[in-house]
Number of protein chains: 4
Amino acid sequence: MPIVGVEEIRKQQLIDAALASIAELGLQKTTIMTISQRAGMSSGIISHYFGGKQGLIEAALRHLLDKLGRAFLEKIQQTDGSPAARILCIIEANFTEFQRSELAARTWLSFWARSMHEPGLKRLQQINNARLCSNLRYAFAQSMSRDKAQDAARQTAAMIDGFWLRSALSSDPDENFAAGESLCKTFALSLLTH
Amino acid sequence: MPIVGVEEIRKQQLIDAALASIAELGLQKTTIMTISQRAGMSSGIISHYFGGKQGLIEAALRHLLDKLGRAFLEKIQQTDGSPAARILCIIEANFTEFQRSELAARTWLSFWARSMHEPGLKRLQQINNARLCSNLRYAFAQSMSRDKAQDAARQTAAMIDGFWLRSALSSDPDENFAAGESLCKTFALSLLTH
Amino acid sequence: MPIVGVEEIRKQQLIDAALASIAELGLQKTTIMTISQRAGMSSGIISHYFGGKQGLIEAALRHLLDKLGRAFLEKIQQTDGSPAARILCIIEANFTEFQRSELAARTWLSFWARSMHEPGLKRLQQINNARLCSNLRYAFAQSMSRDKAQDAARQTAAMIDGFWLRSALSSDPDENFAAGESLCKTFALSLLTH
Amino acid sequence: MPIVGVEEIRKQQLIDAALASIAELGLQKTTIMTISQRAGMSSGIISHYFGGKQGLIEAALRHLLDKLGRAFLEKIQQTDGSPAARILCIIEANFTEFQRSELAARTWLSFWARSMHEPGLKRLQQINNARLCSNLRYAFAQSMSRDKAQDAARQTAAMIDGFWLRSALSSDPDENFAAGESLCKTFALSLLTH
DNA sequence: AATGAATGAGTCTTCATTCAT
DNA sequence: AATGAATGAAGACTCATTCAT
């Protein structure tokens, strides 16, 4: 059993602290002080382990995407593998309690906005976006042609993200998230049965 | 004798410069210097006319939303008024050349992210979001019950925004915008005919 | 009858506006905008007539000292000319309603502080200070030797200014001003009768 | 290993530099640059240790009042405790070489003027003012009734401050301070013996 | 390995002055 | 005579980075 280095522990603690700060204050008001305080460490440690604030931010996003991806994989393996079950599972994974939280809204919107000006972040987002579409395409393809599955996946992915975005920006996120999840499911199932 | 209208002219010039800076540098890296330089004026003029940077940013967003709203109204009045025509027009208005530009992507994402932390911006966004849904609902309601029209409008609005967002973040925006617009239209028309 | 020039009228209006602004906002927060707005004129007029903000401030102080001096002269000429009456009149002139106001406190303290760094203002203050002492000395000299009158005048002047200052800075100015005026009178009269 | 006490040392250095700047330039022309330059440090350090310029200014005033208070306590404990000795000591403490300096004049007048607009400073001044009166009252009360001691203390305190103020603003401070101290003593002793 | 003291460039804001009309 | 639009220097504050210990 390899001894986990102190370095890895520290890095993870800092990533957690960074996400906590972004969730609470937003990316713009997150400073190395708000992060290092939450981690109970000194401010210098961030440059020491991540080369700078930007390095930590990217690592945090990478970690968040990884975590959500793994959580999704676990969930989908508990389904019966039918297209409908897989698709419903995918949709639900995008409307979990975390995804509905204001914390998630602040975090994703912050990362998206910043990714328009930082290729490193942008690539991470693109991989995540492609994954959603790919998962949906795989499920749809069990019931229809490859081309139709591709279109169905794109439409469903767009509707999921669109509902998420509009809900996050709305004045009543709760109602909007709930209705959005339901309407996404209705739409996806109607695609499957036609 | 003071020249009348100077204030409005200057304000407009500053708004244009602010949007140019946001499009080029992003909201975060937009400073009063990047704005005033683009406007060919001094930095002090921004506080003079808008009370501060924040006032200018909000005015710029308001202007942008107004402009898009007016452009949409002009367009829709040139249709034959049929539900299908109205809906296609609404979709097209969300995929114009401007909306497909990287400038638009940076601008909207910047505003969205910031609006999570500034109520003033958030309210403007919400009005805009409500408008899209309301326009769609009105068109759908001519062909179906009020409740079904509401769901159809929500789904279509989500798909439009979702495609726009995924395209903006993708590595090949052009292809994605084109496919997105087409798939949105297909979906909306299928809702109308069922 | 000479036609009073527009210049004199404008200058007086600006001086009144400057004093109003200082009384309301304090000297530090008084700007050419707060003055010119109160005067209903443009900001440029101040440089036009007084060469700059500093010129107006000095003119305002000069005017205030003049006005208080004239008011005092009028008052003292209504006394019976006896030493006691003159002295009581002098003391009362330093505890009028205006002198007890927060406006007066702000104005005098502002001018004093600034006069430590601006010889122009300092000279005006010194003339005013000398006048108080001189008036008291003249009154006392009717009842005692020149030397004793000089000391009595200095002590009385100091007590007047000291009570004024301590009252202005206190948390209950009203009570302090009242007690101060009374104790000054008691002291001055005791000097006269010994 | 962090050097202990660095914070206190730096704070003191900055307070000294602030007082030096106020003495030289006045409070109004004292900026974070004039302070940090005199301290041989960077401008950012002020916000780091005092939260901002205002925090440093208040700390400087507090320090000055403390220092004068302690110096006075030391002095008074060297007297024989008789009322006359105590009172003379109190008067002398208000006319020390420091109090006669132009530095002291600029500093006190700056603080007084500013305290009219900043409750934090005002409270500090009031405590100091109350202390002078209280010390005098205690000394007088050993020779007369409580009420008479109260009046005597107020009159003496006013005369002390009044002489100080008039001397500070005069064109010949030295002569005025000397005469003022002498006349204050004469007055206070006459109160004691009547 | 880890600290946190210190820096100083960058930001927004204020405001007296200028000057064309 | 009077305006007020425009300037830009100067102010306080923020914060990522550095580095001696």
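Just so it is clear: chains get the letters A, B, ... in the order the sequence lines come, proteins before strands, and each one is counted from 1.
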Enquirer: Output a table of nitrogen or oxygen pairs between the protein and nucleotides 12-14 of chain E separated by less than 3.5 Å.
Expert:
from	atom 1	to	atom 2	distance (Å)
E:dC12	OP1	B:Lys53	NZ	2.8
E:dC12	OP2	B:Ile32	N	2.9
E:dT13	OP2	B:Lys53	N	2.8

Enquirer: In this structure, how many angstroms lie between the C1' atom of F:dA2 and the CD atom of C:Glu7, rounded?
Expert: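 Between C1' of F:dA2 and CD of C:Glu7: 13 Å.
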
Enquirer: Only one of C:Leu103, C:Thr107, C:Leu61 forms a side-chain contact (heavy atoms from CB on, under 4.5 Å) with C:Ile22, so which one is it?
Expert: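 Considering C:Leu103, C:Thr107, C:Leu61, a side-chain contact (heavy atoms from CB on, under 4.5 Å) with C:Ile22 is found only for C:Thr107.
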
Enquirer: Indicate yes or no for a side-chain donor-acceptor contact from C:His63 to the backbone of C:Ile15 under 3.5 Å, with no hydrogens or angles considered.
Expert: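 Answer holds: no.
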
Enquirer: Is there a donor-acceptor pair under 3.5 Å between the side chain of B:Thr34 and the backbone N or O of B:Thr30?
Expert: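 Absent.
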
Enquirer: Any side-chain N or O of B:Ser42 less than 4.0 Å from the OP1 or OP2 oxygen of F:dT7?
Expert: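 So the side-chain polar atoms of B:Ser42 do come within 4.0 Å of the phosphate oxygens OP1 or OP2 of F:dT7, strictly under.
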
Enquirer: Identify, between D:Ile45 and B:Ile45, the residue whose nearest nucleotide on DNA chain E lies closer to the 5' end.
Expert: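 This one resolves to D:Ile45.
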
Enquirer: Can you tell me if C:Arg10 touches the phosphate of F:dA1, counting only side-chain N or O atoms and a distance under 4.0 Å to OP1 or OP2?
Expert: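 For F:dA1, neither OP1 nor OP2 has a side-chain N or O of C:Arg10 closer than 4.0 Å.
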
Enquirer: Given atom CD of C:Gln37 and atom P of F:dT3, what is their separation to the nearest angstrom?
Expert: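 For the pair C:Gln37 CD and F:dT3 P, the rounded distance is 13 Å.
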
Enquirer: Tell me the interatomic distance from C:Ile57, atom CD1, to E:dA16, atom C1', rounded to whole angstroms.
Expert: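 Atom-to-atom, C:Ile57 to E:dA16, this comes out as 12 Å.
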
Enquirer: Here's a test of your reading of the structure: between B:Tyr49 and C:Met41, which maps to the more 5' nucleotide of DNA chain F?
Expert: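 Of the two residues, C:Met41 wins.
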
Enquirer: Starting at CD of D:Glu8 and ending at P of E:dA5, how long is that distance when rounded to a whole Å?
Expert: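 It works out to 12 Å between those atoms.
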
